[in-house]
Amino acid sequence: MLVAISIEKPELLSEISNGFGISKYFLIYDSEMNTSDFFPNPYSTELGGAGIQSARFLFEKNIEALITANIGLHPLSFLNSLNIKVYRCIKESAEEAIKLFKEKKLEEIEISENELYTKRNRKRFRRNSSNGIRIKHQNKI
């Protein structure tokens, strides 16, 4: 099983990155061979959409699970739709995260379609109501 971990530096003792999409490196741990490979995240400096691009990058590496501290709604939904499990691990080293993963002590992060729909509506509502601007649609005939 290939497990990806979002990290700050390309070493086993590196801390897990606070943000999934903007993490500088990914460690991919092969649990069958007990080996680790480090990959720089080519999307770490993207201004928008880094999370979904990083999720696609890891999907192409054939990972089956991801360990991260925080992940956005869209990359989480994308990974869940591909049956890639996402686990939360905060303030640990990559080595410690692997140990906790093997012991099944990490919290799995999932999102249902119902939650996704509800959170999208809330976000849109906040955007429209916070600036006080009301948008009227005119039908063109």
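One-based numbering along the sequence shown. Since the structure is predicted, the reported quantities are computational estimates derived from the model, not experimental observations.
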Chemist: Could you tell me the separation between the CG atom of Leu106 and the SG atom of Cys89, rounded to the nearest 0.5 Å?
Modeler: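 Rounded to the nearest 0.5 Å, the CG-SG separation comes to 5.0 Å.
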Chemist: Give the minimum heavy-atom separation between Ser17 and Gly19, together with the two atoms involved.
Modeler: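 Taking every non-hydrogen atom into account, OG-O, 3.0 Å.
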Chemist: For the CG atom on Leu100, are there more than 12 heavy atoms of other groups (residues, nucleotides or ligands in this structure) within a distance under 6.0 Å?
Modeler: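 Result for CG/Leu100: enclosed.
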Chemist: With a 3.5 Å distance limit and no angle check, can you tell me whether Arg88 reaches the backbone of Glu107 through a side-chain donor-acceptor pair?
Modeler: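 The answer is no, because no donor-acceptor pair under 3.5 Å joins these two groups.
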Chemist: Quick check: does any side chain N or O of Asp30 sit under 3.5 Å from a backbone N or O of Thr35, one acting as donor and the other as acceptor?
Modeler: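 Pair absent, no side-chain N/O of Asp30 close to backbone of Thr35.
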Chemist: Are Ile67 and Ile7 connected in the hydrophobic side-chain network, where two residues link if heavy atoms are under 4.5 Å apart?
Modeler: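 In one cluster: yes.
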Chemist: Less than 4.0 Å between a side-chain N and a carboxylate O, is that true for Lys105 and Glu103?
Modeler: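 Lys105 and Glu103: salt-bridged.
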Chemist: What is the minimum heavy-atom distance between Leu13 and Glu95, and which atoms define it?
Modeler: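 In this case the closest contact between Leu13 and Glu95 is CD2-OE1, 3.3 Å.
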Chemist: What are the two closest non-hydrogen atoms of Ala69 and Ile16, and how far apart are they?
Modeler: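 For Ala69 versus Ile16, the nearest heavy atoms are N-CG2, 3.7 Å.
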Chemist: Do Ile52 and Leu76 belong to the same hydrophobic cluster, where Ile, Leu, Val, Met, Phe, Trp and Tyr are linked whenever their side-chain heavy atoms lie under 4.5 Å apart, directly or via other members?
Modeler: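 As far as the 4.5 Å side-chain criterion goes, Leu76 and Ile52 are connected within one cluster.
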Chemist: Side chains of Thr68 and Ser6 only: does a donor on one sit below 3.5 Å from an acceptor on the other?
Modeler: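 Yes, because at least one side-chain N or O of Thr68 sits under 3.5 Å from a partner of the opposite role on Ser6.
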Chemist: So do the side chains of Leu27 and Asp37 get within less than 4.5 Å of each other, counting heavy atoms only?
Modeler: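 With C-beta onward as the side chain, the pair stays apart.
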Chemist: Test Ile28 against every option in Val3, Leu66, Leu58 by the side-chain contact (heavy atoms from CB on, under 4.5 Å) rule and name the one that passes.
Modeler: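 With Ile28 as partner, Val3, Leu66, Leu58 yield a single side-chain contact (heavy atoms from CB on, under 4.5 Å), made by Leu58.
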Chemist: With under 30° as parallel and over 60° as perpendicular, where do the rings of Tyr87 and Phe101 fit, or are they tilted in between?
Modeler: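 Perpendicular: the ring planes of Tyr87 and Phe101 meet at over 60°.
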Chemist: Under a 3.5 Å cutoff, is there a donor and acceptor pairing between the side chains of Ser14 and Glu8?
Modeler: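 Their side chains do not contain a donor-acceptor pair, so the 3.5 Å distance test is not met.
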Chemist: Output the distance between atom OG (Ser44) and atom CZ (Phe57), rounded to the nearest 0.5 Å.
Modeler: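 These two atoms lie 10.5 Å from each other.
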Chemist: Apply the test side-chain contact (heavy atoms from CB on, under 4.5 Å) to residues Glu110 and Asn80: give CA-CA distance (whole Å), side-chain angles for both, the deciding distance (0.1 Å), then the verdict.
Modeler: CA-CA 7 Å; Glu110 285 184 299; Asn80 280 173; 4.2 Å; yes
Chemist: Between Glu32 and Met1, which heavy-atom pair has the shortest distance, and what is it?
Modeler: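 Closest pair (atom of Glu32, atom of Met1, distance): OE2-N, 3.4 Å.
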Chemist: Are the side chains of Leu82 and Phe59 in contact, using a 4.5 Å heavy-atom criterion?
Modeler: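 Sidechains of Leu82 and Phe59: in contact.
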Chemist: Side chains of Tyr29 and Asn34: any donor to acceptor distance under 3.5 Å?
Modeler: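 Note: Asn34 and Tyr29 side chains meet the donor-acceptor criterion.
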Chemist: Sub-3.5 Å donor-acceptor pair from the side chain of Ser77 to the main-chain atoms of Leu73, do we have one?
Modeler: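 No; zero donor-acceptor contacts below 3.5 Å.
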Chemist: Using ring-ring contact (aromatic ring centres under 6.0 Å, His included) as the criterion, point out the one residue from Phe39, Phe20, Tyr43, Phe38 that pairs with Phe26.
Modeler: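 That would be Phe20; it is the only one of Phe39, Phe20, Tyr43, Phe38 passing the ring-ring contact (aromatic ring centres under 6.0 Å, His included) with Phe26.
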Chemist: Is the number of heavy atoms from other residues, nucleotides or ligands under 6.0 Å of Gln53 CD greater than 12?
Modeler: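 For Gln53, atom CD is crowded (more than 12 foreign heavy atoms under 6.0 Å).
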Chemist: Please confirm whether the backbone N or O of Ser23 pairs with a side-chain atom of Asn41, one donor and one acceptor, at under 3.5 Å?
Modeler: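 Between the backbone of Ser23 and the side chain of Asn41 there is a qualifying donor-acceptor contact (under 3.5 Å).
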Chemist: For Ala50 and Ile22, which heavy atoms make the closest approach, and how far apart are they?
Modeler: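 Closest pair (atom of Ala50, atom of Ile22, distance): CB-CG2, 4.4 Å.
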Chemist: Within this structure, what is the CZ-CG distance for the pair Arg56 and Leu79, rounded to the nearest 0.5 Å?
Modeler: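 Between atom CZ of Arg56 and atom CG of Leu79 there are 11.0 Å.
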